[in-house]
Amino acid sequence: MNKGLPKRSENYSEWYNELVKRADLADHSDVRGCMVIKPYGYSIWEKMQQALDKKFKETGHSNAYFPVFVPKSLFEAEEKNAEGFAKECAVVTHYRLKTDPYKKGQLIVDPDAKLEEELIVRPTSEAVIWSTYKKWIQSYRDLPLLINQWANVVRWEMRTRIFLRTAEFLWQEGHTAHATQDEAMQETLTMLEVYAEFAEKYMALPVIKGRKTENERFAGAVETFCIEALMQDGKALQAGTSHFLGQNFAKAFDVKFSNKDNTLEYVWGTSWGVSTRLMGALIMAHSDDEGLVLPPLLAPIQVVIVPIFKTAEQLNSISEKAQHIKKLLEEKNITVKYDNSDKQTPGFKFAEYELKGVPLRIAIGPRDLENNTIEIARRDTKEKKSIAFSELVHIVPQWLSSIQENLYQRALNFRSKHTHICDSYGQFQKILDNEGGFILAHWDGSPETEEKIKEETKATIRCIPLDFKKENGKCIYSGKPSVGRVLFARAY
RNA sequence: CGGGGUGUAGCGUAGCCCGGUUAUCGCGCCUGGUUUGGGACCAGGAGGUCGUGUGUUCGAAUCACACCACCCCGACCA
């Protein structure tokens with residue numbers, strides 16, 4: 001029959017790919033490495049956007065939009081940043097096609113339409129934005145400048161995975177400018193906190209906040225902060241980043257302001273972003289072998305009502321009841337779908353909505369009409385229960401918040417179970433090969449050691465946790481002294 | 001870019017080694033009927049540049065060469 005998904009335990013990446021397709025989240029496109037986000041998948045992204053955007057506004061930011069093309073000269077202005085992205089940039093060199101004189105009906109690039117200066121398709125927008133900020137900022141009165149944009153970016157990756165690493169992806173990028181270092185650093189940490197809260201509250205995804213090592217830092221940043229999450233296969237996923245840019249971009253783009261003493265100073269910058277990669281995180285954190293499992297706060301459909309009927313008369317009376325339920329729940333701001341289609345059997349629908357991760361299912365059949373009951377089933381635990389109709393308006397909201405809470409707890413338990421404190425390199429390797437997960441271990445602080453460990457084990461330092469405790473120890477690799485444990489894992 | 005692999009209906013595939021009539025099967029799709037409390041059943045039907053090109057041959061999905069695309073593994077990365 002081949003109706004089920006591949007099992008996570010047998011082939012995790014195949015499970016993931018199939019799930020993305022079968023749950024109608026996204027498709028591979030005709031362009032290598034790019035994806036088509038389908039309506040159901042996109043509506044989850046929209047939910048994420050709404051929650052985040054609200055937070056951004058609450059923290060004082062405004063949305064704006066900057067162009068997708070970056071003139072090469074602007075792009076190369078901040079050297080480190082340019083260098084970091086150079087290898088994965090798509091470049092526009094011409095602005096016109098013409099019909100092929102030799103092959104009828106085909107087009108070729110018009111060699112006469114070569115651009116004076118090549119345009120880089122943005123892999124990130126620091127360059128365009130900072131060159132604009134130069135025009136916007138003159139005085140301390142213009143600061144802080146707090147801008148966010150929702151946009152697409154292109155990074156020509158060699159290997160892509162749907163949602164996790166695609167050549168084009170959607171994201172938001174915040175870019176702020178400040179008068180003082182402290183304020184910029186504060187902003188960096190505030191936005192990291194916004195991301196962490198969003199991940200935990202909405203995505204039901206526990207994350208570890210931390211600081212990136214020099215090797216893993218954003219090119220052009222002085223300091224990069226991140227939230228790191230653990231997926232069910234034991235691999236880590238960076239779910240969001242927030243960068244303290246220091247004065248790097250201000251200097252590169254000559255963005256200065258007059259302070260109150262009328263002296264010119266470079267402004268301090270930050271940038272921060274989360275992308276459609278969060279979709280991948282959401283999928284891999286909660287879903288099971290039956291399909292997607294969505295936290296109610298991000299589920300496009302929170303409750304689905306499935307009628308069970310034999311005759312048209314039965315369907316009519318069930319529909320009446322179902323519409324009534326739908327209205328009652330919608331009054332409580334719950335998103336409800338009543339699936340009265342007679343094209344599929346109830347069993348098919350049950351499986352379908354499980355595949356799509358709808359948190360709660362209500363079934364109503366002739367027996368329920370007689371007894372004035374309904375059947376309610378939750379996606380996360382598969383618990384199924386017959387309840388009195390009158391209980392419905394209380395139980396549904398209760399179960400929805402219970403699902404949200406349970407998903408978070410489940411993920412948190414998983415993470416605890418798969419976070420190891422490790423003091424020997426041999427054990428370190430064994431853990432990575434056997435079960436994966438996070439490993440807290442001592443590190444001597446040198447990029448060389450980090451690099452060696454990466455080469456030998458494929459594990460990287462995900463971050464130096466913000467709640468890092470001072471603890472004297474010996475580096476797991478070099479044996480040199482260390483002042484605290486850092487977080488290692490193999491990562492996406 | 002290196003190493004391996006795969007291209008046959010919307011999807012997944014058999015056939016290829018060893019060339020030979022009408023290209024296999026499942027899912028999906030369409031029509032009709034019976035069904036419907038966990039992925040229904042029966043009957044009928046539609047759907048194909050066998051990745052592209054060139055060659056070998058009386059004859060190519062099958063053999064040869066070239067090209068293209070995609071997937072997996074590595075180097076690179078949110």
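Just so we're on the same page: letters track the sequence lines, and every chain starts at 1.
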Visitor: If the C1' atom of B:rC25 is compared with that of B:rC18, how far apart are they to the nearest Å?
Guide: 23 Å
Visitor: Which sits closer to the 5' end of RNA chain B, A:Ser13 or A:Arg155, going by the nucleotide each is nearest to?
Guide: A:Ser13
Visitor: What distance, rounded to whole Å, do you find between the two C1' atoms, one in B:rU22 and one in B:rC50?
Guide: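 Here B:rU22 and B:rC50 have their C1' atoms 15 Å from each other.
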Visitor: Please name all residues satisfying ring-ring contact (aromatic ring centres under 6.0 Å, His included) with A:Phe428, sequence neighbours left out, ordered by chain then number.
Guide: A:Tyr425, A:Phe488
Visitor: Want to settle it: does A:Lys21 or A:Ala377 sit nearer the 5' end of RNA chain B, counting the closest nucleotide to each?
Guide: A:Lys21
Visitor: With the criterion being N/O to N/O and under 3.5 Å, what pairs connect the protein with nucleotides 31-37 of chain B, and how long is each?
Guide:
from: B:rU36; atom 1: O2'; to: A:Phe309; atom 2: O; distance (Å): 3.1
from: B:rG37; atom 1: O6; to: A:Gly365; atom 2: O; distance (Å): 3.2
from: B:rG37; atom 1: O6; to: A:Pro366; atom 2: N; distance (Å): 3.1
from: B:rG37; atom 1: O6; to: A:Arg367; atom 2: N; distance (Å): 2.6
from: B:rG37; atom 1: O6; to: A:Asp368; atom 2: N; distance (Å): 3.2
from: B:rG37; atom 1: N1; to: A:Gly365; atom 2: N; distance (Å): 3.4
from: B:rG37; atom 1: N1; to: A:Asp368; atom 2: OD2; distance (Å): 2.6
from: B:rG37; atom 1: N2; to: A:Asp368; atom 2: OD2; distance (Å): 3.1

Visitor: Please, what dot-bracket string fits RNA chain B when only Watson-Crick and G-U pairs with both distances under 3.5 Å count, crossing ones use [ ] and pairs to another strand use |?
Guide: (((((((..(((.......[....))).((((((.....)))))).....(((((..]....))))))))))))....
Visitor: Is the A:Phe218 ring parallel, tilted or perpendicular to the A:His243 ring (thresholds 30°, 60°)?
Guide: parallel
Visitor: Kindly write out the residues that satisfy ring-ring contact (aromatic ring centres under 6.0 Å, His included) with A:Trp171, not counting sequence neighbours, or none if the list is empty.
Guide: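 Partners of A:Trp171 by the ring-ring contact (aromatic ring centres under 6.0 Å, His included) criterion, ordered by chain and then number, come out as A:Phe169.
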Visitor: Hey, could you give me each pair passing ring-ring contact (aromatic ring centres under 6.0 Å, His included) that has a residue in residues 294-317 of chain A? Not counting sequence neighbours.
Guide: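 For residues 294-317 of chain A, and leaving out neighbouring residues, there are no ring-ring contact (aromatic ring centres under 6.0 Å, His included) pairs at all.
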Visitor: Applying a 4.0 Å non-hydrogen cut-off, can you work out what A:Leu164 is touching in the nucleic acid: base, sugar-phosphate, or nothing?
Guide: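 The answer is base, as A:Leu164 lies within the cut-off (heavy atoms under 4.0 Å) of a base atom.
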Visitor: Among all residues two or more places apart in sequence or in another chain, which pass the side chain to side chain contact (heavy atoms under 4.5 Å, CB included) test with A:Lys201?
Guide: none
Visitor: When you compare B:rU8 with B:rA46, how far apart are their P atoms, in angstrom units rounded to a whole number?
Guide: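 Comparing P positions in B:rU8 and B:rA46 gives a spacing of 23 Å.
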Visitor: Partners of A:His175 by ring-ring contact (aromatic ring centres under 6.0 Å, His included), sequence neighbours excluded?
Guide: none
Visitor: Select base, sugar-phosphate, or nothing to describe what A:Thr166 touches, counting heavy atoms under 4.0 Å on all strands.
Guide: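 Base contact - A:Thr166 has a heavy atom under 4.0 Å of at least one base atom.
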Visitor: In whole Å, measure the gap between the P atoms of B:rA9 and B:rG26 for me.
Guide: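 Nearest-Å result for B:rA9 against B:rG26 at atom P: 16 Å.
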Visitor: For atom C1', what is the distance between B:rC63 and B:rC17, given to the nearest Å?
Guide: 11 Å
Visitor: Go through the structure and list residues passing side chain to side chain contact (heavy atoms under 4.5 Å, CB included) with A:Ala177, not counting sequence neighbours.
Guide: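 A:Ala177 satisfies side chain to side chain contact (heavy atoms under 4.5 Å, CB included) with A:Trp130, A:Tyr133, A:Ile137, A:Leu143, A:Leu145, A:Val267 only.
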Visitor: Is it true that A:Trp45 and A:Phe163 have ring centroids separated by less than 6.0 Å?
Guide: no
Visitor: Just call it for A:Phe218: base, sugar-phosphate, or nothing, with non-hydrogen atoms closer than 4.0 Å on any strand.
Guide: nothing
Visitor: Please classify the nucleic acid contact of A:Arg161 as base, sugar-phosphate, or nothing, using heavy-atom distances under 4.0 Å.
Guide: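 It contacts nothing in the nucleic acid.
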Visitor: Looking only at side-chain atoms of A:Phe348, point me to the closest of B:rG38, B:rG39, B:rC76.
Guide: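 Closest of the options to the side chain of A:Phe348: B:rG39.
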Visitor: Determine the interatomic distance between P on B:rG51 and the same-named atom on B:rG7; round to the nearest Å.
Guide: 8 Å
Visitor: Taking the same atom, P, in B:rC67 and in B:rU24, what whole-Å distance lies between them?
Guide: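 Rounded to whole Å, the distance is 33 Å.
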Visitor: To the nearest Å, how far apart are A:Lys343 NZ and B:rG39 C1'?
Guide: 18 Å
Visitor: What interatomic distance, in whole Å, is found between P of B:rG45 and the corresponding atom of B:rU6?
Guide: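 Nearest-Å result for B:rU6 against B:rG45 at atom P: 36 Å.
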Visitor: Could you tell me whether the phosphate oxygens of B:rG74, OP1 or OP2, come under 4.0 Å of any side-chain nitrogen or oxygen in A:Lys458?
Guide: yes
Visitor: Measure from CG on A:Asn17 to P on B:rC70 and round the result to the nearest Å.
Guide: 16 Å
Visitor: Counting any heavy atom closer than 4.0 Å, what does A:Ser275 reach on the DNA or RNA strands: base, sugar-phosphate only, or nothing?
Guide: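 Base contact.
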Visitor: Within residues 351-360 of chain A, which residues have any heavy atom lying less than 4.0 Å from an atom of RNA chain B?
Guide: A:Ala351, A:Glu352, A:Glu354
Visitor: Give a yes or no on whether a salt bridge exists between A:Arg378 and A:Asp380, defined as a side-chain N under 4.0 angstrom from a carboxylate O.
Guide: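 A salt bridge is present here (some side-chain N lies under 4.0 Å from a carboxylate O).
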Visitor: Residues in ring-ring contact (aromatic ring centres under 6.0 Å, His included) with A:Tyr408, at least two apart?
Guide: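 Once residues adjacent in sequence are excluded, A:Tyr408 has no partner under the ring-ring contact (aromatic ring centres under 6.0 Å, His included) criterion.
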Visitor: According to side chain to side chain contact (heavy atoms under 4.5 Å, CB included), who are the partners of A:Ala167, at least two apart in sequence or on a separate chain?
Guide: A:Cys34
Visitor: With the threshold set at 4.0 Å, does a side-chain nitrogen-carboxylate oxygen contact exist between A:Arg361 and A:Glu354?
Guide: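 So A:Arg361 pairs with A:Glu354 through a salt bridge.
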Visitor: So which pairs with a foot in residues 74-92 of chain A pass side-chain hydrogen bond (donor to acceptor under 3.5 Å, both in side chains), sequence neighbours left out?
Guide: none
Visitor: Give one of base, sugar-phosphate or nothing for A:Gln238, where a contact means two heavy atoms less than 4.0 Å apart.
Guide: sugar-phosphate
